[in-house]
Structure formats: structure tokens, C-alpha cells
Amino acid sequence: MSRYSAAEIEPKWQKAWDDSGVFKAIRDESRRKYYVLEMFPYPSGKLHIGHVRNYTMGDVIARYKMSTGYNVLHPMGWDAFGMPAENAAMASGGHPKDWTYKNIDQMRGQMKPLGLSIDWSREFATCDPEYYGQQQALFLDFLEEGLVYRKNAIVNWDPVDMTVLANEQVENGRGWRSGALVERRELAQWFFKISDFSEDLLSAIDKLDNWPAKVKLMQANWIGKSRGLQFSFETIDAPDEFKEIDVYTTRPDTLLGASFIGISADHPLARSLEVNSPEITAFNQGCRQMSTSEADMEKAEKNGIDTGIRVRHPLNPEWELPVWIANFILMDYGTGAIFACPAHDQRDLDFANKYELPVIDAFFSIDNEAPVSTKAFIPQKSEKVKWVNHFTGLDVATGQEAIYATIAHAEAHEWGKGVTNFRLRDWGLSRQRYWGCPIPVMHCPICGIVPEKKKNLPVKLPNDVSFDLPGNPLDRHPNWRNCTCALCGGAALRETDTMDTFVDSSWYFARFTAPRAETPTEQKDINYWMNVDQYIGGVEHAILHLLYSRFFCRGMQKTGHATEKNISEPFNALFTQGMVTHAIYKTTSEEDGRALYHYPEDVKLKDGKAFLKNSGNEVNIEPSAKMSKSKNNVVDPEMIIAQYGADTARWFVLSDSPPERDVEWTASGAEAAHKHIARVWSICCKIKELPENTGSENDLELMQEMHRTIRDVTLGIESFGFNAAIARLYAFTNKLSKSKASKLSQRNAVMTLAQLMSPMTPHLAEEIWSHQGGQGLIINAPWPVEDESMLVQTSIILPIQVNGKRRSEINVPKDLPNIDIERLALSQEAVRRSLDGNKPKKVIVVPGRIVNVVI
RNA sequence: GCCCAAGUGGCGGAAUGGUAGACGCAGGGGAUUCAAAAUCCCCCGAUGGUAACAUCGUGAGAGUUCGAAUCUCUCCUUGGGCACCA
């Protein structure tokens, strides 16, 4: 018996797959296709074990589908634009392009030894001019179709680095590099009109049958359709242009609980008041120094300033309400102005208590009429409440009923109108950065904004740039900006904004169907391969990436890039896998007190404590978190592959946790996976050496177990229950290793085992297959199908409960009538003891499952 | 703060209304061996008991049900997202 050597066997089979071209996807209308795609990686430099998990899951599906006769497309590419490349260039010199392509080479080199069934001939990176040139063509068509426009928007501005900061680059209101207080600055920005599709993007969620319910719910909440009331308050003592303040509210029913009016610091009225009031100017400035992130705004202390202006209540002109500027009101949502009802909104209540504004109850709970003081009363909209002199005449009604009644009242009495609003905002795609897809337009002093001609695409990024000065290198490039107006032929300037990297990832799946086409898509290919049948990626993309991709497909439909077949929904099925986590090892630098993070490979564990291998110093163990470069809690797959082989790494990442949940990487788990692979190989070798014989009474038992395993593993793979499938394979391996069945049956069993394991451990599977004399490659062998006749069970074990507690069990023929089961159950010693001579109240027999005796 | 999840032995987890803890890890005992590694066999939620068995037990508390890890409500903790990280 030879020892199993992954180092020899894995490259051998990878070469065999390559030579036979099994993974090359060729369009063939006569065959059923299956498109499986994992979210493509950002080339950060090193593959980590989380990537391995992600691609292994896709690979299991791809290989399984190949074995069941599908023509499979399983491509790979690189989400290659983005900030880290520029950050690296700033930190250590070099060019983002070189950094990126070097990383891609490295990661591809780490990925290939995993033995993934990828069609590498379709590979591309989004920073290839061939890709982003086609993206520019799409952009121009979107522009022509009216799906792109320009407007002013607020950005985080770092006044020292003279650059726009991403939200993650703002730390406690300061720029991460400069430490300068961040300002909110208004810039002209490009936008996609995703809001045109709000209704469609929302209602089409219902048709996404094979998406996780939680993702669909998150998207629906994100789009945030609401029915509310828009109306205006007449002002008193306001500047002439502001005779009225428009407000939008989803709770117009609480209008009699109104306490004050709140407006955003960016509201035109708030801005106009700055002219005469240094206090208001200072307050608004303060609001504008917060980051633009909604989470930051919500977490910040709620502040406000009284403008001195008042408004009349629309239902009672005598009733005057003060107008406050408040830092928690977004100019982007609704009208940038609200009326506050502290009794029924916690945030308004905290604000009212802080500034001693009135709290007026609009309704009470039916059984408790205590007025609100520090905790707002916010019942479900479907709960009936008692209204205080409601103007619609309602007395006891639900919030929802009151909202409808109020909108009807407002429309009938002409003081407001019902409006359907969406939370979803248009997608700002402008980035003031170098390493992105250039927006292919120019600014002409005569013609204004002019799209570049398609024949001049791609508008390529210039290579001669440097990152040693603040700001965007495209802005200060000596001649890249200068161009000729595509309309009048005069001198013009190129747009220096590049596109959000989410644009790159919003159509790459379509490009994979024809990656070398001279147009963004090729009708025959997109028509055959789309949609993606199974998409796999992190749940962190549940909203933005997936929503943008759904929008993009709608845009591509409108602009004729996907016409024959409706691909408005790109992903038929979605699976969101969990992350691979690892404990974080942290010490503090003695020099400057900064946190230092250590790689798991440099740390030794002993008695629940961790020590550095080189110095022996103890390190702090922080709770497991997503593996990330910044925390160094990463496990390098190269080391795992060198030590154990790819099959071990693949088997482990699938085995321990359910795929949608996070998995904690442990060295002992990897060791166990490795042992199992060696064990299966040794069983295979033992079977080969068995003497030839003819059948045995143990054959049936082994074959029945084999067919049950085929059934369970197939179901496990199809339902993403990889961990369950693997547990089943362990159990079958245990059975086989102890089996006394004939050589013929054992050989049959081990070859079936190899087939069932082949999606997870393809190299081992091929080796067993060839060792046992299987025909051709196992990847080309048809998937085993269970024999129904081998699954039939003649008797079953029924547990007997007394009052819901298990007391006994009986072994009965499968189709014994209930009356006989009941009689048998009651005759059980344990049941008789519990009954103590009394008659049972009731006996529940659930056929095939359980018996419960109620006493 | 808002939206969405998750919480089960020492650990990863199984069971989606019907025997809680499959399978794996760690641990304990044994076989083999001159010895070790490797391998194989047995045990392994807690408490009480020689045992049979009994009681308790799925983050906390309440509820629905003949029966709840599973459904409902409230709370706690952890994770993801919050529109310029990808």
C-alpha cells in the first residue's frame, strides 16, 4: 500500500484536466447550460482561506453539474480597480497598475493549485482597457438613454490632502492621513438614475425565488417604499422667499402631536438664515463637519438651534410651532424638513426633552392612558390605539387606518396630498480618483458636456502619473486632460472623475459570456449563457452590489445590450456564504503604543494563552473576526496546500460549518480533514488487495447504505448542505471500512464514494477512480443515481413519549395500522408504569414518526 | 440609532414542530509495538445512582401546542449592512 502523496497526485490530475480541456466552456445550443459564478475577488495581494471557501463552494456546484450532464460555464476574473492600489502607491511608491497586475499574477498562481474547474481562457481584470473601454461604451449608451445625469452632491472633503475621502477614511470626523477636520463639500457629480426603477426593483424581488429571504428583505427595506403625506406649513417672520415650508411625513396621523418643525442644515431656509446670524452659521458649519455617513449622523449627539421662525399648524392657524435646525435631518430624503412628534418618536422625544419643547400625546394605548415622558409610545402600525380628538373623527383605530384617513382628509380639504416615496437614492458614480474607469465625456467651453465618440474608446488612463502630491493625478496631468471636442473640434477638457468600482462589478457576469467581444456583449453568447444560474458570495454584498447589478441589467435591456432574452434579473439563485474567521493576536508597540497584530503562524498556543514563537512574549487573544489584512489574522492557503494538499483545504472549508455561516479556521480541523483523505485512500488500497470471491451475506447491507448515501449526498450538494453531505460521507466511510462484504461490492462502494467525494476532493477522487480501473476521468463519469428498491425499509423504530417525554421505543413493521401501534405502545413497561393503572387521556400516533401518550 | 441575521456539550456543529447532541475535533481508557509514531476498538452534556434509571438542559424571560432548539412576543450578546472599503 502506497502512502497518499497530494504533492505528486494533485499536479498530475490538474494537468490531465488541462490536457483534456474539460473546463473550457463552449456554447452549444443543443446542450443544457449551467452558469455558476462566485463573486470575483479584489486582487489585494494574497489569496486567503476565505477565498478558498468561496471558490470551493462554486467548484462543488460546477463539478456536480458537469457530472449530471450540464454544459457548465465557470469563469474567473478580477475586480481590479479601487483605492488600495492608490494607497499602496502613496505609501510605498510604484504604480497602481503594476501593483494590481503583480497581485493578480500572485493570486492566480495561488488559485491554480486548488484544482478549480475554471475556464481560465475567459479571465479578465476590470482594469484591462479592453474591459473598461466596453464599460465606457455602456456608459455612453446609458447617457443617451437618459439613465445618467449630473447634479451637485455632498462629499467628505479633506482640506489638507485636497481630496475627497471615502467614509472609511474618515475617523472621528478627521481625515485618516492628514488628521484634518473633514468638511462637507458640494461637488458636481455624475449619477445613475436607479430611482427610475425603484418600483420595478422592489416588485421584482418577489420573483427571486432562489434568493435568501433575508437578502430580499434587506433589499426591500433599502428601497423603502412608503406612502406618506406632503403638505406645507405657512411661516411667520421668515424671509420673503420662504412663505411656506414643505414637509413629507409617513406618520401624518400624528399631526396633532406636533411639537416643532425640524429642517436640515442644508435646507435652503437654513442656508439663507446664515447671512444675518453668526450663531446659525456656526451651527450649520458644525453640522457640515460631520462625515456624510448615515451611521455617523445617527450615532452623533442630537443637536439643534432655534431659528426664531414659527409656522402655523395647518389644522389650527392659532397654533404656532417653532422651527429648529437639527443635525439629524437629511436633505436627501423627502423635503429636508419634518414635523416632529416627540410622543411617538424616540429621537424627537430626546430632542424635545433636551430643548424643553412640548410633548403632546396623539394617541394612547387602549388600556393605559399615561402620558409619554422619557420613553416614546411606538406601537405596531397594526395595533389599535385610542386617539385624542382626532380631526378625522377616529376614536379607536390602528395607526395604519389613521394614516389612510389622514391622507384622505388632507386631500379632501386640500391641505396636503398623498405621496409615494422611496428611500432609494440615485447612485452617485463619480470618484475623484485615478485608479478607476475614466468617465468618457469632455467639457467644451462652447458645447458644454460632450460624450466621447465610441470609435475613440477606450479613453485610457495615462500611465505617467505620480502620487506624491495631494489631489487627483488626473487633475494635474499636463496634457491628458486636453482633448478635442467631439462636436465642434475646438479645445476641450476631459472629465477627470472616474467611475465607482461598483460599476465594474455590475456587469462583469455578462461580459464573461463573451469576454473578447468588440461590443460590451455578444447577443448569441449572452442569450445562451445568461442568467447566472448560481451566484455565490458574501452577505456583505446583499444590498449595494446586488442591487446595482439588478439595475445595470435593466439599463442594458433598455440600451439593447441584452435584447433577445430578458436578463433584467441577472442571478437566478443566490447563495450568501459565511466568512472564515480567526482569532486576532495583538500586542502593543513599546515605542509608540500602537497596536501590533501577529500572524497565526507566528503564534504558539498553550493552555488557552498565546505566545510569540520567536520571543516567547504573551500576546492578547481577541475574539475571532473576519480574516483581514489589517488585523493579520489570516491563514495562508499556500502553506496549507504545501503541508496537506488542496483536497485537504477544500474538504476542511466545507466540512465544519454550514456554508452560510462563518467558519472558524482551526489547525486541528485541517489535520482531521487530512487524516480522512489518507484514510479513504488506504481503504481504497486495501480493497484492491482483497481476494476475489463471489458475494457475501453482507453485500446487501453495504449496498443499501451506499444508495442511502447517494441520496443524502446528492440532496446535500443540491441544497448547499455541504457540511451535512460530508458528515454523511464520513458515516459511509466508517461503514465501508468495517464492511465484510465481497470485493465486488466493496469496489463498487469505494468507486461510488470517490464519485460522491469528487466535487469536494477531485484529485483524490480521480486517483481512486484510476486505481480501481474506472473508465476515463471521473469528472466525465455520470453522477451516481440511487436505486429506489435499495432504499425500502421494512421496519421502523418508533419512539414512545408520555406527555412529550421519551420513555421507550418500539420496533414495528413499516405499515402497521395505527390501532396496533397504539396497543403496542400502551403495553410498554415504561408506559404502564407512568399510567399506573389509569386510562390515557389521548394517544397521538404520528405515522412513521412518533407516538405520544397523554395522561 | 436604523435594517438583516445568528446564539445548542470543552470546541465546530446535527436535528426546521416529533428520540436534542448525528458527524468531526479535543479529552479519557484499551489493543498493537522493545518503545514511539501511525493505525484500530471502546467511552465521552450536567447532576444523582454500582446499575437500571431519574432530574435538569438548546443566550434570558413569557406564550402557543399532545409535543418547541424549531413558531410568537420582549430582552441580552455577537456578526453583516447603512449609499465613497470591496
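Letters go in sequence order (proteins before strands), and every chain restarts at 1.
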Starting at the 5' end of RNA chain B, what dot-bracket string do you get if Watson-Crick and G-U pairs under 3.5 Å are bracketed, crossing pairs use [ ], other-strand pairs use | and unpaired bases use dots? (((((((..(((.....[....))).(((((.......))))).((((....))))..(((((..]....))))))))))))....
Does Lys225(A) use its side chain to pair, donor to acceptor, with the backbone of Arg423(A) at less than 3.5 Å? no
Report, as yes or no, whether the 6.0 Å neighbourhood of atom CZ on Arg806(A) holds more than 12 heavy atoms from other residues, nucleotides or ligands. yes
Taking salt bridge (charged side-chain N to carboxylate O under 4.0 Å, His left out) as the cut-off, I'd like each qualifying pair that reaches into residues 719-728 of chain A, sequence neighbours left out, listed once. Glu705(A)-Arg728(A), Asp712(A)-Arg728(A)
Roughly how many Å is it from CE in Met218(A) to C1' in rA83(B), rounded to a whole number? 15 Å
Kindly write out the residues that satisfy side chain to side chain contact (heavy atoms under 4.5 Å, CB included) with Asp350(A), not counting sequence neighbours, or none if the list is empty. Gln346(A)
Which value, in whole Å, describes the distance between the P atoms of nucleotides rA83(B) and rG17(B)? 38 Å
Which of these nucleotides, rA83(B), rG13(B), rC84(B), is closest to any side-chain atom of Val164(A)? rC84(B)
Report yes or no: does His344(A) contribute a side-chain atom to a donor-acceptor pair with the main-chain N or O of Ile378(A) at less than 3.5 Å? no
Separation of Cys437(A) SG from Asp504(A) CG (nearest 0.5 Å): 6.5 Å
Expressed as a whole number of Å, how far does the P atom of rC73(B) sit from that of rA22(B)? 32 Å
Tell me whether the side-chain N or O atoms of Gln189(A) pair up with the base of rC84(B) as donor and acceptor below 3.5 Å, since no angle test is needed here. yes
Earlier contact from the 5' end, RNA chain B, for Arg807(A) and Phe502(A): Arg807(A)
Could you tell me how far rA5(B) sits from rA54(B) if I compare only their C1' atoms? Round to whole Å. 39 Å
Give a yes-or-no answer on whether the side chains of Ser44(A) and Asn103(A) include a donor-acceptor pair shorter than 3.5 Å. no
Which residues pass the side chain to side chain donor-acceptor pair (under 3.5 Å) test with Asp475(A), not counting sequence neighbours? Thr496(A)
Pairs under 3.5 angstrom, nitrogen or oxygen only, protein versus nucleotides 8-12 of chain B, please.
{"from": "rG12(B)", "atom 1": "O2'", "to": "Asp656(A)", "atom 2": "O", "distance (Å)": "3.3"}
{"from": "rG12(B)", "atom 1": "O2'", "to": "Ser657(A)", "atom 2": "OG", "distance (Å)": "3.2"}

Quickly work out the Arg849(A) CZ to rG17(B) P distance and round it to whole Å. 9 Å
Assuming nearest nucleotide by heavy-atom distance, tell me which of Asn221(A) and Glu671(A) is located more 5' along RNA chain B. Asn221(A)
For Asn811(A), which residues count as a side chain to side chain contact (heavy atoms under 4.5 Å, CB included) partner, sequence neighbours excluded? Ser795(A), Ile797(A)
Would you find a donor on one side and an acceptor on the other, under 3.5 Å apart, between the side chain of Trp435(A) and the backbone of Ala80(A)? yes
From NE2 of His676(A) over to P of rG24(B), roughly how many Å is that when rounded to an integer? 9 Å
Contacts of Arg347(A) that satisfy salt bridge (charged side-chain N to carboxylate O under 4.0 Å, His left out) - sequence neighbours left out: Glu298(A)
Between atom NZ in Lys302(A) and atom C1' in rG1(B), what is the gap in whole Å? 6 Å
Would you say Arg347(A) reaches rG1(B)'s phosphate, i.e. side-chain N/O to OP1/OP2 under 4.0 Å? no
Does OP1 or OP2 of rA86(B) have a side-chain N or O of Thr501(A) closer than 4.0 Å? yes
Look at Glu186(A) together with Arg288(A) and state whether they make a salt bridge at an N to O cut-off of under 4.0 Å. no
Is the number of heavy atoms from other residues, nucleotides or ligands under 6.0 Å of Lys151(A) NZ greater than 12? yes
C1' atom, rG63(B) versus rC53(B): distance in rounded Å? 33 Å
Phosphate OP1/OP2 of rA14(B): any Asn723(A) side-chain N/O under 4.0 Å: yes
rC84(B) base / Gln432(A) side chain donor-acceptor hit below 3.5 Å: yes
Are there any protein N/O atoms within less than 3.5 Å of an N/O atom in nucleotides 61-68 of chain B, and if so, which ones and at what distance?
{"from": "rC66(B)", "atom 1": "O2'", "to": "Asn852(A)", "atom 2": "ND2", "distance (Å)": "3.4"}
{"from": "rC66(B)", "atom 1": "O2", "to": "Asn852(A)", "atom 2": "ND2", "distance (Å)": "2.5"}

Before accepting this row, confirm whether a basic side-chain N of the pair Lys193(A)/Asp426(A) lies closer than 4.0 Å to the acidic partner's carboxylate O. no
Whole angstrom is fine here: how far is it from CE in Met83(A) over to P in rA86(B)? 5 Å
If only side-chain N and O atoms count, and only distance matters, is there a donor-acceptor pair under 3.5 Å linking Trp78(A) with Tyr131(A)? no
Would you indicate what Val155(A) reaches in the nucleic acid, counting non-hydrogen atoms under 4.0 angstrom: base, sugar-phosphate, or nothing? base
When the C1' atoms of rG24(B) and rG13(B) are considered, how many whole Å apart are they? 9 Å
Over how many whole Å does the gap from Glu294(A) atom CD to rC2(B) atom P extend? 12 Å
Report, one pair per line, the protein and nucleotides 56-59 of chain B atoms (nitrogen or oxygen only) whose separation is under 3.5 Å.
{"from": "rC56(B)", "atom 1": "OP2", "to": "Lys805(A)", "atom 2": "NZ", "distance (Å)": "3.3"}

Whole-Å P distance, rC23(B) and rU64(B): 37 Å
Between atom CG in Leu546(A) and atom P in rC4(B), what is the gap in whole Å? 17 Å
Kindly give the atom pairs (protein nitrogen or oxygen, nucleotide nitrogen or oxygen) under 3.5 Å for nucleotides 39-50 of chain B.
{"from": "rC40(B)", "atom 1": "OP1", "to": "Arg679(A)", "atom 2": "NE", "distance (Å)": "3.1"}

Full working for side chain to side chain contact (heavy atoms under 4.5 Å, CB included) between Leu544(A) and Trp427(A): CA-CA 10 Å; Leu544(A) 294 178; Trp427(A) 170 12; over 6 Å; no
Taking the same atom, C1', in rG45(B) and in rC41(B), what whole-Å distance lies between them? 23 Å
Residue set satisfying side chain to side chain donor-acceptor pair (under 3.5 Å) with Glu38(A), at least two apart, ordered chain then number -> His74(A)
Using the C1' atom as the point on both nucleotides, what is the distance between rA6(B) and rG12(B), in whole Å? 15 Å
Suppose we screen for ring-ring contact (aromatic ring centres under 6.0 Å, His included). Which residues come up paired with Phe720(A), at least two apart in sequence or across chains? Phe575(A), Phe722(A)
